[in-house]
Amino acid sequence: MARIKIDLPAAFPFSIAIPVRIQDVNYGGHVGNDAILSIMHEARIRFLESLGYKELDKEAGAGLIMADVAVAYKGEAFHGDVFEVSVAAGEFNAFGFELFYRITAQRNAQTITIAEAKTGMICFDYHQRKIAKLAPDMKTRLEAGK
């Protein structure tokens, strides 16, 4: 069976600590795959906010919509872990870009990789309900990560 391979960027300009909540743990006793997606969403929102953007800006009519997601699970995580979620943008095109995520946790003085992921983000005009062009200034800020 072919496995997903995600080529992460060399540098991540943004990182945030997100604690694992009890509701993130599934019947297997570890963090569930659905919780990883939710944690990625939180990190994405915080990354965009750090650049002065919102994922959804109804007043302006423009925003972002997630077109696809790929997650490669690398290790188990448990209640009490604190994730470091690193985020970087790349693979730009006229209408969007990819966001890359590296999720790690510190346990017993070791860094454990929990997941590597990417989401395809498309610019979307919520008034006209169609895709929109990626603004040049947004691309510049996303590339710089600040």
Side-chain angles (χ1 to χ4, degrees), residues 1-93 95-126 131-132 134-146:
M1 169 167 66
R3 300 285 315 228
I4 292 173
K5 182 169 181 345
I6 300 167
D7 293 322
L8 296 178
F12 285 85
F14 179 83
S15 185
I16 185 167
I18 299 177
V20 173
R21 305 162 305 168
I22 194 64
Q23 63 259 37
D24 297 328
V25 177
N26 65 17
Y27 58 85
H30 54 230
V31 173
N33 61 340
D34 58 330
I36 294 293
L37 288 173
S38 179
I39 288 161
M40 289 168 52
H41 188 189
E42 181 68 28
R44 180 172 62 250
I45 296 298
R46 301 285 186 96
F47 172 63
L48 293 170
E49 285 176 351
S50 77
L51 300 174
Y53 297 110
K54 295 179 183 177
E55 198 171 52
L56 176 64
D57 189 347
K58 287 187 178 181
E59 284 96 39
L64 296 170
I65 194 165
M66 187 169 60
D68 53 50
V69 62
V71 182
Y73 300 99
K74 302 290 186 176
E76 286 185 293
F78 306 97
H79 183 252
D81 283 343
V82 177
F83 288 148
E84 178 179 339
V85 185
S86 301
V87 183
E91 296 186 24
F92 295 89
N93 64 50
F95 299 99
F97 52 92
E98 301 277 348
L99 285 179
F100 297 91
Y101 309 79
R102 182 176 52 220
I103 303 172
T104 61
Q106 292 290 321
R107 199 176 308 128
N108 300 323
Q110 291 186 319
T111 301
I112 299 157
T113 301
I114 305 302
E116 296 172 348
K118 70 177 186 171
T119 53
M121 305 304 295
I122 302 294
C123 297
F124 193 75
D125 183 324
Y126 281 88
I131 63 172
L134 174 62
D137 63 319
M138 184 178 200
K139 180 181 182 230
T140 299
R141 291 173 84 181
L142 284 164
E143 285 176 319
K146 49 187 166 191

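N26 places a side-chain N or O within donor-acceptor distance of the main-chain N or O of G28, the cut-off being under 3.5 Å. With hydrogens and angles disregarded, no donor-acceptor distance shorter than 3.5 Å links the side chain of D125 to the backbone of I131. Side chain of R102 to main chain of S86: no donor-acceptor pair is present (N/O by atom type, distance under 3.5 Å, no hydrogens or angles). In this structure, the side chain of N93 engages the main chain of F95 through a donor-acceptor pair within 3.5 Å.
When the options T119, V71, I39, V69 are evaluated for a side chain to side chain contact (heavy atoms under 4.5 Å, CB included) with Y101, the one that passes is T119.
Closest non-hydrogen pair, F47 versus L142, comes out as CE2-CD2, 3.7 Å. Nearest heavy-atom pair across G63 and Y126 is CA-CE1, 4.0 Å. Here the closest heavy-atom approach between residue V85 and residue A43 is recorded as CG1-CB, 3.4 Å. Contact between L134 and G96 at its shortest, heavy atoms only, is CD2-O, 3.8 Å. A70 and I6 get closest at one heavy-atom pair: O-CD1, 3.5 Å. Residues D7 and F100 come closest through the heavy atom pair O-CE2, 3.6 Å.
Here the CE-CG distance, from M138 to L51, works out to 8.0 Å after rounding to the nearest 0.5 Å. A distance of 8.5 Å separates CD1 in I36 from CG in N33, rounded to the nearest 0.5 Å. Going from atom CD of E76 over to atom CD1 of I112 covers 10.0 Å, rounded to the nearest 0.5 Å. Here CD1 of I18 is found 11.0 Å from CE of M40. Values are rounded to the nearest 0.5 Å. Atom-to-atom distance recorded for C123:SG and K139:NZ is 12.0 Å, nearest 0.5 angstrom. Atom NE2 in H41 sits 4.0 Å away from atom CD in E55 (nearest 0.5 Å).
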Q: Show the numbers, then the answer: is there a side-chain contact (heavy atoms from CB on, under 4.5 Å) between F83 and T104?
A: CA-CA 6 Å; F83 288 148; T104 61; over 6 Å; no

Q.
For R141 and Y53: C-alpha separation, side-chain torsions, deciding distance, then whether side-chain contact (heavy atoms from CB on, under 4.5 Å) applies.
A. CA-CA 10 Å; R141 291 173 84 181; Y53 297 110; 3.3 Å; yes

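Taking 4.5 Å as the limit, every side-chain heavy atom of M121 sits out of range of all side-chain heavy atoms of I65. In this structure, the side chains of R21 and H79 stay at 4.5 Å or more apart for every pair of heavy atoms. Side-chain atoms of E84 and Q106, non-hydrogen and from C-beta on, never get closer than 4.5 Å to each other. Counting only heavy atoms from C-beta outward, the side chains of H30 and I114 never approach each other to under 4.5 Å. Counting heavy atoms from C-beta on, the side chains of F78 and R107 come closer than 4.5 Å. The shortest side-chain heavy-atom distance between I122 and F97 does not fall under the 4.5 Å cut-off.
A cation-pi arrangement, defined by a distance under 6.0 Å to the six-membered ring centre and an angle within 45 degrees of its axis, is absent between R46 and F14.
The number of heavy atoms from other shown groups lying within 6.0 Å of CD (Q23) is above 12.
Comment: K54 does not engage E49 in a salt bridge, judged by the lack of any side-chain N to carboxylate O separation of less than 4.0 angstrom.
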